[in-house]
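Have a look at the structure below before the remarks.
Letters A, B, ... are given to chains in the order of the sequence lines, protein chains preceding strands, and every chain is numbered from 1. Given the structure is predicted, the values throughout are model-derived calculations rather than measurements.
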There are 2 protein chains.
Amino acid sequence: MVHGGKPRPMKGIRQLAEHLDISIGTVSRALNGKPDVNEETRKRVLAAAEQLGYVANQSGRSLRQGTTNVIGLMIQSSKETVENSDNFFLTVTGGLQSVFSRHNLDLIMLPCPHDEDPYEYLKRMVARRVVDALILSETQRVDKRFDMLAKAKIPFAALGRSLSGVQHPWTDLDFDGVANCAIDRLVAHGHRRIAISTPASDINLGFVFVEGYRRALERHGIPYDPALVIRAKSSEQGGYQVADELLRLDDRPTAVLLIYELMAIGLYRRVMEAGIVPGRDIAVVGFREAPRAKFLQPTLTCFRTSLHDLGVELAEILLSSMPAYNHFYPNTRLQRTWPLELVPGESDAFQLTTRK
Amino acid sequence: MVHGGKPRPMKGIRQLAEHLDISIGTVSRALNGKPDVNEETRKRVLAAAEQLGYVANQSGRSLRQGTTNVIGLMIQSSKETVENSDNFFLTVTGGLQSVFSRHNLDLIMLPCPHDEDPYEYLKRMVARRVVDALILSETQRVDKRFDMLAKAKIPFAALGRSLSGVQHPWTDLDFDGVANCAIDRLVAHGHRRIAISTPASDINLGFVFVEGYRRALERHGIPYDPALVIRAKSSEQGGYQVADELLRLDDRPTAVLLIYELMAIGLYRRVMEAGIVPGRDIAVVGFREAPRAKFLQPTLTCFRTSLHDLGVELAEILLSSMPAYNHFYPNTRLQRTWPLELVPGESDAFQLTTRK
DNA sequence: ACGCGCTCCGTAAACGTTTACGATACTATG
DNA sequence: CATAGTATCGTAAACGTTTACGGAGCGCGT
């Protein structure tokens with residue numbers, strides 16, 4: 001039984017303690033920055049820990065204190081979601097982490113498998129107790145997950161508002177504001193028959209988007225026509241399909257508002273097949289800005305925002321709703337819509353001449 | 001102290017045991033499917049656990065058995081990576097999970113913050129001991145992470161081969177095979193001056209890609225010209241830049257091989273600005289297939305593969321390298337390149353007429 | 001000399017599991 | 001009936017932390 005030699009891999013705080021010839025209590029206090037420990041011994045402990053490569057076992061720690069210092073971001077990578085949303089999550093993640101890291105919190109992503117019920121998945125993850133708090137995305141119109149988390153008293157914030165019972169913290173892109181702005185612009189250009197695309201799923205953003213569209217129309221005295229609300233997947237194929245439906249309408253719309261900018265690629269393609277050119281015969285406005293939109297001809301009018309900053313906001317909202325952290329973020333609004341900036345393109349830059 | 005009434009939230013296995021009036025040992029054995037427990041009582045235990053919503057505390061469990069049943073997928077969301085699509089990761093994730101879930105393993109994603117050194121980040125995550133094994137992606141040419149994990153004796157597999165010392169399990173797309181096939185095709189069409197794009201970073205796939213390109217060229221007796229290897233970011237902008245550089249070359253190439261299919265969008269745009277049309281004046285071949293490629297005019301010749309199946313393979317490789325699971329996957333090759341299938345498009349479907 | 005407060009540290013009890021070990025009751029076998 | 005074997009269960013010791021509690025030593029004022 002060799003005892004000296006190379007510093008063998010640390011087994012636990014116990015070995016570190018007996019190597020320093022002090023008690024484990026003191027070692028623990030030294031490592032955790034507790035006040036009642038001599039500065040001198042703290043230095044020794046930290047040095048020894050560094051040298052021997054000791055690092056606290058997280059299981060033991062979180063068993064004892066019931067906390068893990070990990071925040072989970074649940075993402076439901078449904079087939080549809082996978083097709084769009086490329087950099088969306090990773091960009092938001094960057095913003096989240098920039099805040100969390102200041103508090104020594106780590107972020108992990110919890111991807112719900114396609115074939116599993118998100119609610120059951122979340123239950124499993126909560127039961128694992130590997131996260132202290134959660135960020136939910138892709139919120140449904142009514143979302144059982146919120147009620148469950150509220151009942152389980154685990155803090156959470158949502159990326160996207162919802163109608164669910166509990167008042168929960170969230171940030172959300174300003175979907176109705178965007179719809180509002182787009183309609184104002186299109187109406188000013190002479191359009192009165194304006195279609196809108198919305199996701200086929202129960203995700204809440206679609207409802208909010210259409211609601212804003214409806215209110216804006218009514219403000220201009222234009223009746224709301226359900227036939228102009230086209231449900232389609234948020235992908236290029238979806239855009240193609242939207243155009244297809246548009247062309248089939250009797251009183252063909254002169255403008256269309258897309259929930260997802262990539263759809264414009266498919267839409268352009270389909271209408272051009274029909275001899276209709278975007279930006280001249282039909283106005284197109286897209287939600288959010290993708291780098292790809294810049295490569296469309298004609299360039300797409302859309303809305304820009306910083307997803308990174310949205311992540312920052314979301315993290316702060318979550319933390320301010322957690323007792324242990326809320327003093328860092330004293331007066332934070334717990335619900336916040338995130339503004340977007342209009343990026344004018346050529347796709348709607350024409351005045352509609354009343355042709356009939 | 002009320003004792004009856006609503007089933008209050010379970011505190012632990014102890015309460016569950018005394019509610020059933022049996023010992024905690026038996027309860028634990030019943031829940032974990034151990035053999036020495038009466039089928040009758042097992043049923044009772046499972047029923048009670050279900051009814052009271054009991055679920056084992058993961059910290060306690062993993063403290064005791066030193067295992068967490070969680071696999072981590074580390075992703076370095078570098079700025080550049082974010083610009084490309086993360087549906088890559090989400091798709092692979094689907095394949096991984098379909099395997100892991102059979103073994104009651106959960107997958108979490110560990111996104112390394114932009115501003116943190118991936119190596120340090122990984123060290124922190126390993127220290128947390130929240131994962132039993134790891135999957136690394138975006139492997140560098142030489143990657144310190146592998147050595148660290150090997151030394152720490154934590155199992156891992158990589159998405160992408162590397163030159164690092166240790167023989168580690170990996171799957172990788174068949175970059176050199178693709179380069180090979182593309183060159184054969186282009187040469188058959190009369191091209192001899194063929195450019196190639198490669199990432200600007202130290203990620204290994206670029207080296208493998210160029211290596212395959214080089215060997216294929218030499219097989220055809222075409223000298224390798226370093227000037228034709230263009231480093232650029234894997235984005236539309238990068239494609240634009242590649243085209244820019246191409247146009248600046250004296251003896252202008254008649255074909256180009258792109259490491260990332262989205263680059264074709266920018267490349268098309270730039271060459272068309274110069275009056276050169278893809279598929280007639282210049283041949284373009286892209287690596288991997290994106291849905292977007294279908295919307296390009298002319299359609300892009302590229303290579304298709306199932307990233308989901310690649311995930312399946314990767315998961316199996318990882319598990320077969322773990323003592324506790326390897327009997328499930330007896331004779332699995334621990335290193336495997338993943339084949340891709342050619343998807344012929346119009347972008348290289350012309351015979352080069354020798355023009356000079 | 002005594003008591004008090006302060007600083008620093010050791011002791012031991014939790015946290016919620018799993019599991020080796022032994023105990024009990026019952027069955028089969030001689 | 002004695003004994004061995006089997007099926008089932010209870011007991012208690014781990015796993016590695018954190019932390020409440022108390023104790024030792026010291027300075028200081030009375």
Side-chain angles (χ1 to χ4, degrees), chain A residues 8-46 48-49 52-70 104 124 126-132 152 324, chain B residues 8-46 48-49 52-70 104 126-130 132 152 324:
Chain A
R8 62 226 175 280
M10 265 298 102
K11 272 303 252 202
I13 202 175
R14 205 149 258 129
Q15 296 207 7
L16 183 55
E18 76 185 30
H19 174 260
L20 287 166
D21 205 42
I22 57 182
S23 81
I24 62 171
T26 306
V27 173
S28 174
R29 279 188 294 262
L31 291 174
N32 293 19
K34 293 296 158 86
D36 54 347
V37 45
N38 192 328
E39 258 334 296
E40 167 66 23
T41 55
R42 185 192 306 274
K43 287 226 183 72
R44 280 180 54 219
V45 171
L46 289 178
L52 300 189
Y54 167 81
V55 37
N57 178 313
Q58 184 63 28
S59 302
R61 164 176 295 187
S62 61
L63 176 58
R64 173 59 218 243
Q65 18 181 57
T67 205
T68 68
N69 279 20
V70 174
N104 274 60
R124 261 208 353 261
V126 167
R128 274 194 171 291
R129 284 191 185 75
V130 68
V131 296
D132 287 345
Chain B
R8 62 229 174 282
M10 264 300 102
K11 271 303 254 199
I13 203 176
R14 204 150 260 127
Q15 296 206 7
L16 183 55
E18 74 185 32
H19 173 260
L20 287 166
D21 204 44
I22 55 183
S23 80
I24 62 171
T26 306
V27 173
S28 173
R29 279 187 293 261
L31 291 173
N32 293 19
K34 292 298 158 83
D36 54 346
V37 45
N38 192 328
E39 259 332 297
E40 167 64 25
T41 55
R42 183 191 308 271
K43 287 224 182 73
R44 280 180 55 219
V45 171
L46 288 178
L52 300 189
Y54 167 79
V55 38
N57 178 312
Q58 184 62 28
S59 302
R61 165 176 294 188
S62 61
L63 175 58
R64 173 61 218 243
Q65 16 181 61
T67 205
T68 67
N69 280 18
V70 173
N104 274 58
V126 167
R128 274 194 171 292
R129 285 189 183 75
V130 67
D132 287 346

Angle between the two end axes of the helix from C:dA1-D:dT30 to C:dG30-D:dC1, five base pairs per end, rounded to 10 degrees?
60°
Rounded to whole Å, how long is the line connecting atom CD1 of A:Ile13 with atom P of D:dA14?
19 Å
Spacing between A:Glu18 atom CD and D:dG16 atom P, to the nearest angstrom
13 Å
Atom-pair distance (CG on A:Leu20; P on C:dC9), nearest Å
12 Å
Using a cut-off of strictly less than 4.0 Å, decide whether A:Thr26 has a side-chain nitrogen or oxygen near OP1 or OP2 of C:dC9.
no
Nucleotide nearest A:Val37 when distance is taken to its side chain, options C:dC9, C:dG10, C:dC15
C:dC9
Rounded to whole angstrom units, what separation is found between the OH atom of B:Tyr54 and the C1' atom of C:dT17?
7 Å
Tell me: CZ of A:Arg42 to P of C:dT7, nearest whole Å?
14 Å
Hey, which sits more toward the 5' end of DNA chain D by its nearest nucleotide, B:Val27 or B:Gly60?
B:Val27
Nucleotide of D:dT17, C:dC8, C:dG16 approaching A:Asn38 most closely (side-chain heavy atoms):
C:dC8
Look for any protein N or O under 3.5 Å of an N or O in nucleotides 20-23 of chain D and output each such pair with its distance, or none.
{"unit_1": "D:dA20", "atom_1": "N6", "unit_2": "A:Arg29", "atom_2": "NH1", "d": "3.4"}

Could you give the CZ-to-C1' distance, from B:Arg44 to D:dC9, as a whole number of Å?
12 Å
CZ (A:Arg29) and OG (A:Ser23) are apart, to the nearest 0.5 Å, by 6.0 Å
A:Gln58 side, atom CD; A:Leu63 side, atom CG - distance, nearest 0.5 Å
11.0 Å
Which is true for B:Thr41 with a 4.0 Å heavy-atom rule: it touches a base, it touches only sugar-phosphate, or it touches nothing?
sugar-phosphate
Nearest whole angstrom, please: distance from the P of C:dC15 to the CZ of B:Arg14.
8 Å
Quick one: is A:Lys34 getting a side-chain N or O under 4.0 Å of the D:dT19 phosphate, OP1 or OP2?
yes
Quick one: B:Arg129 CZ to D:dC15 C1', roughly how many Å, whole number?
12 Å
From CG (A:Leu31) to CG (A:Leu16), nearest 0.5 Å
6.5 Å
Give a yes/no on whether any side-chain N or O of A:Ser28 is located under 4.0 angstrom from OP1 or OP2 of D:dT18.
yes
Below 4.0 Å: OP1/OP2 of C:dC15 and any side-chain N or O of B:Asn57:
no
Residue A:Leu63, side-chain atoms from C-beta onward, closest of C:dC15, D:dT19, C:dG10:
C:dC15
Between A:Arg61 and D:dG16, does any side-chain N or O lie under 4.0 Å from OP1 or OP2?
no
Reading DNA chain C from 5' onward, which residue's closest nucleotide shows up sooner: A:Ile24 or A:Glu39?
A:Glu39
Tell me whether the OP1 or OP2 atom of C:dC15 has a side-chain N or O from A:Gln65 closer than 4.0 Å.
no
